[in-house]
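Working notes, beginning with the structure itself.
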Number of protein chains: 2
Amino acid sequence: MPQHAINPNVSVDCVIFSFNNQELEVLLIERSAGNTDKVDEIKALPGNLIYEDETLDCGAQRVLTELTGLENIFLEQVYTFGDPDRISKKHDQDWLRSIRAHPEARVITIAYTSLINKERFNLTPSSFARNAVWIKVKDVPQLGFDHNDILEKALDHLKSKIYTEPLGYELLPDRFTLAQLQKLYEAILDDKFDKRNFRRKILRTSFIVPLNEKQQGVAHKPAGLYRFDKALFHQM
Amino acid sequence: MPQHAINPNVSVDCVIFSFNNQELEVLLIERSAGNTDKVDEIKALPGNLIYEDETLDCGAQRVLTELTGLENIFLEQVYTFGDPDRISKKHDQDWLRSIRAHPEARVITIAYTSLINKERFNLTPSSFARNAVWIKVKDVPQLGFDHNDILEKALDHLKSKIYTEPLGYELLPDRFTLAQLQKLYEAILDDKFDKRNFRRKILRTSFIVPLNEKQQGVAHKPAGLYRFDKALFHQM
DNA sequence: TGGCTATGTGTAATAATTACACTAAGTTTG
DNA sequence: CAAACTTAGTGTAATTATTACACATAGCCA
């Protein structure tokens with residue numbers, strides 16, 4: 001493997017969302033630093049310093065892959081965090097000393113986000129990620145560094161995007177019911193909608209197209225399945 | 001003046017918009033590097049490296065003030081640009097060599113933006129800004145570095161913000177006509193609106209309140225003046 | 001077969017959007 | 001000083017979007 005020069009001042013962090021049919025989840029790693037115990041208990045967003053010769057977008061891809069095994073994820077930039085003290089809390093410093101050449105260097109971080117269907121990907125944590133786990137957004141604990149702020153910002157970003165872009169078709173199976181889609185909107189916007197009005201609105205767009213198939217094996221009237229038609233969407 | 005350590009890898013650039021009652025303008029500086037001639041011809045956004053011990057927001061404020069004299073401008077982060085080659089074009093390097101300790105260091109930049117009423121501020125360029133000028137957005141020439149991309153992104157940001165926030169009251173005089181406001185919306189969104197519909201929509205919000213005053217000395221029927229009521233706005 | 005559960009559907013009232021054309025007020029010009 | 005010029009200011013009808021609301025239905029299960 002070739003050796004890359006690391007930029008000591010610039011990192012990327014990835015906020016990857018998924019949906020378990022009820023709630024939004026976010027991908028976190030558990031720090032593994034070798035010997036000490038305490039630092040291991042802290043969860044964080046997958047992130048790391050970039051290389052001198054890669055773009056920010058590529059850095060985000062690479063770091064995400066290295067830490068979690070996720071590959072070819074479409075990542076979008078959200079915001080940049082640069083408080084001079086953002087990595088100087090004691091337990092963060094303790095941990096950084098175990099993995100970085102210049103643990104005290106000031107680091108600004110560029111946050112990236114994506115939405116994926118977790119069923120489609122395997123997590124294979126490595127590098128300093130002892131583990132990679134999906135945690136319900138509502139259950140996210142205190143994270144390392146300023147990662148709770150970063151998550152917050154990514155959530156805001158998600159909320160504002162859902163009004164203009166048909167998000168969430170990456171979060172759902174290829175074939176989904178309108179109830180699933182509604183649950184997803186409700187989870188992202190943290191709100192409730194009227195079923196009839198929601199369906200009318202979705203179907204009016206006409207790039208959510210009905211398949212001639214129904215759910216199977218559910219203990220109630222089976223719902224019709226729909227799919228997202230990308231071609232139709234891009235025509236508009 | 002105290003000496004500050006400079007972070008060689010992180011800069012900020014400011015995209016400051018103003019409005020001349022017809023068109024959007026953006027604030028650019030002309031590079032001044034002392035001796036050579038060629039490099040002086042290039043315009044750029046005001047921007048520079050940050051200090052190790054300041055936040056990004058503060059850095060943006062400081063750099064803007066140092067280069068243009070603008071003070072206490074509310075700056076908002078837009079996007080971060082980090083292509084490894086973004087500052088390596090020949091004429092950019094020539095100029096950087098004249099002002100930086102490490103002209104070849106990789107620099108990522110965080111773009112900030114703001115809207116101001118240029119009548120309310122004086123430009124007093126200094127540091128390496130030989131001059132600071134308002135240029136119509138439509139007339140912006142080829143800029144240094146990737147500053148045309150940055151301007152583009154800031155414009156997109158502006159367009160998307162105008163739908164949710166009552167932008168542009170900072171761009172207008174305290175007392176303005178609805179025609180001025182409409183022109184501003186048209187300039188930002190690069191579109192035309194129907195006068196009656198526009199007025200109805202604006203007045204429906206009810207935080208644009210009529211003053212009992214009219215324009216004076218215009219060669220046509222004078223328009224009524226309005227003001228933006230911040231208190232009323234924040235109630236919603 | 002009766003109960004359970006989530007699906008799927010319609011309508012009326014209200015609000016928002018669009019398209020469209022003429023009179024009015026003040027200044028300038030001849 | 002009258003006519004011409006320029007921009008301000010106004011209303012309506014047609015269309016579309018939003019909101020609020022209740023009941024019959026399909027398939028499973030006990």
Side-chain angles (χ1 to χ4, degrees), chain A residues 19-23 159 162-166 172-173 175-228 233 236, chain B residues 19-23 159 162-166 168 172-228 233 236:
Chain A
F19 183 63
N20 65 6
N21 271 328
Q22 295 294 327
E23 294 181 76
K159 282 184 198 178
I162 203 172
Y163 289 110
T164 55
E165 285 179 52
L172 294 175
R175 306 175 312 151
F176 51 86
T177 71
L178 295 184
Q180 282 177 295
L181 186 61
Q182 184 174 347
K183 278 256 168 62
L184 173 62
Y185 271 74
E186 291 177 341
I188 290 178
L189 293 173
D190 195 18
D191 202 350
K192 291 272 167 202
F193 304 110
D194 176 86
K195 183 171 37 160
R196 278 178 285 195
N197 296 339
F198 182 81
R199 298 177 138 252
R200 193 186 356 253
K201 191 156 176 174
I202 291 297
L203 296 176
R204 206 188 306 139
T205 70
S206 83
F207 46 78
I208 308 290
V209 299
L211 299 159
N212 282 329
E213 295 177 72
K214 284 178 188 298
Q215 278 182 313
Q216 305 234 324
V218 285
H220 54 76
K221 177 173 175 178
L225 294 169
Y226 292 76
R227 70 185 174 82
F228 175 64
F233 170 68
M236 326 181 185
Chain B
F19 184 62
N20 65 8
N21 273 325
Q22 296 294 327
E23 294 181 75
K159 282 184 198 178
I162 204 171
Y163 289 110
T164 54
E165 287 181 48
L172 292 176
D174 291 327
R175 306 173 311 151
F176 52 85
T177 72
L178 295 182
Q180 281 178 295
L181 187 61
Q182 182 174 348
K183 278 255 168 63
L184 173 61
Y185 272 73
E186 291 177 341
I188 290 177
L189 294 171
D190 197 16
D191 202 353
K192 290 272 167 202
F193 304 110
D194 177 86
K195 183 171 38 158
R196 279 177 285 196
N197 296 340
F198 182 81
R199 299 177 135 249
R200 191 182 4 250
K201 193 157 177 173
I202 290 297
L203 296 177
R204 206 188 305 138
T205 69
S206 80
F207 45 79
I208 307 289
V209 298
L211 299 160
N212 279 328
E213 294 178 70
K214 285 179 188 299
Q215 279 182 314
Q216 305 233 325
V218 285
H220 55 75
K221 178 173 177 179
L225 294 170
Y226 291 76
R227 71 189 173 81
F228 176 64
F233 170 68
M236 324 182 188

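Only this structure's heavy atoms are used, side chains among them; waters, hydrogens and symmetry mates stay out. Convention: sequence-line order gives letters A, B, ...; per-chain numbering from 1.
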Might you list the N or O atoms of the protein lying below 3.5 Å from N or O atoms in nucleotides 26-30 of chain C, with each pair's distance?
residue: C:dG26; atom: N2; partner: B:Ala219; partner atom: O; Å: 3.2

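- Taking all atoms of both residues into account, the shortest heavy-atom contact from A:Leu211 to A:Arg227 is CD2-CD, 3.6 Å.
- Listed by residue number, B:Asp194, B:Arg196, B:Asn197, B:Arg200, B:Lys201, B:Arg204 are the residues of residues 193-211 of chain B with a heavy-atom contact under 4.0 Å to DNA chain C.
- In this structure, B:Val209 and B:Tyr226 have side chains that are not in contact, with every pair of non-hydrogen atoms separated by 4.5 Å or more.
- Remark: B:Phe19 CZ to B:Ile188 CD1 distance equals 7.5 Å, nearest 0.5 Å.
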Which pairs would a plain distance check flag for residues 198-207 of chain B, meaning a side-chain donor or acceptor within less than 3.5 Å of a matching protein atom at least two apart in sequence or in another chain?
residue: B:Arg200; atom: NH2; partner: B:Asn197; partner atom: OD1; Å: 2.6
residue: B:Thr205; atom: OG1; partner: B:Ile202; partner atom: O; Å: 2.7

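- In terms of the side-chain contact (heavy atoms from CB on, under 4.5 Å) criterion, B:Lys221 has no residue partners (sequence neighbours excluded).
- Note on the helix from C:dT1-D:dA30 to C:dG30-D:dC1: terminal axis deviation equals 0°, with five pairs used at each end and the result rounded to 10°.
- Taking both residues in full, the closest heavy atoms of A:Pro222 and A:Gln215 are given as CB-O, 3.2 Å, listed atom of the first, atom of the second, then distance.
- C:dT18 atom P lies 17 Å from atom NZ of B:Lys192, rounded to whole Å.
- Here the P atom of nucleotide C:dT7 and the OH atom of A:Tyr226 are 11 Å apart, to the nearest Å.
- Atom P of nucleotide C:dA6 and atom CD of A:Gln182 are separated by 13 Å, given to the nearest angstrom.
- Atom CD of A:Gln216 has 12 or fewer neighbouring heavy atoms from other residues, nucleotides or ligands inside a 6.0 Å radius.
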Enumerate donor-acceptor pairs with a distance under 3.5 Å from any side-chain N or O in residues 174-186 of chain B to protein atoms, sequence neighbours excluded.
residue: B:Asp174; atom: OD1; partner: B:Arg120; partner atom: NH2; Å: 3.1
residue: B:Arg175; atom: NH1; partner: B:Glu213; partner atom: OE1; Å: 2.3
residue: B:Arg175; atom: NH1; partner: B:Glu213; partner atom: OE2; Å: 3.3
residue: B:Thr177; atom: OG1; partner: B:Ala179; partner atom: N; Å: 3.4
residue: B:Thr177; atom: OG1; partner: B:Gln180; partner atom: N; Å: 3.1
residue: B:Gln180; atom: OE1; partner: B:Thr177; partner atom: N; Å: 2.9
residue: B:Gln180; atom: NE2; partner: B:Asn21; partner atom: OD1; Å: 3.0
residue: B:Gln182; atom: NE2; partner: B:Glu186; partner atom: OE2; Å: 3.1
residue: B:Gln182; atom: NE2; partner: B:Phe193; partner atom: O; Å: 2.9
residue: B:Glu186; atom: OE2; partner: B:Phe193; partner atom: N; Å: 2.9

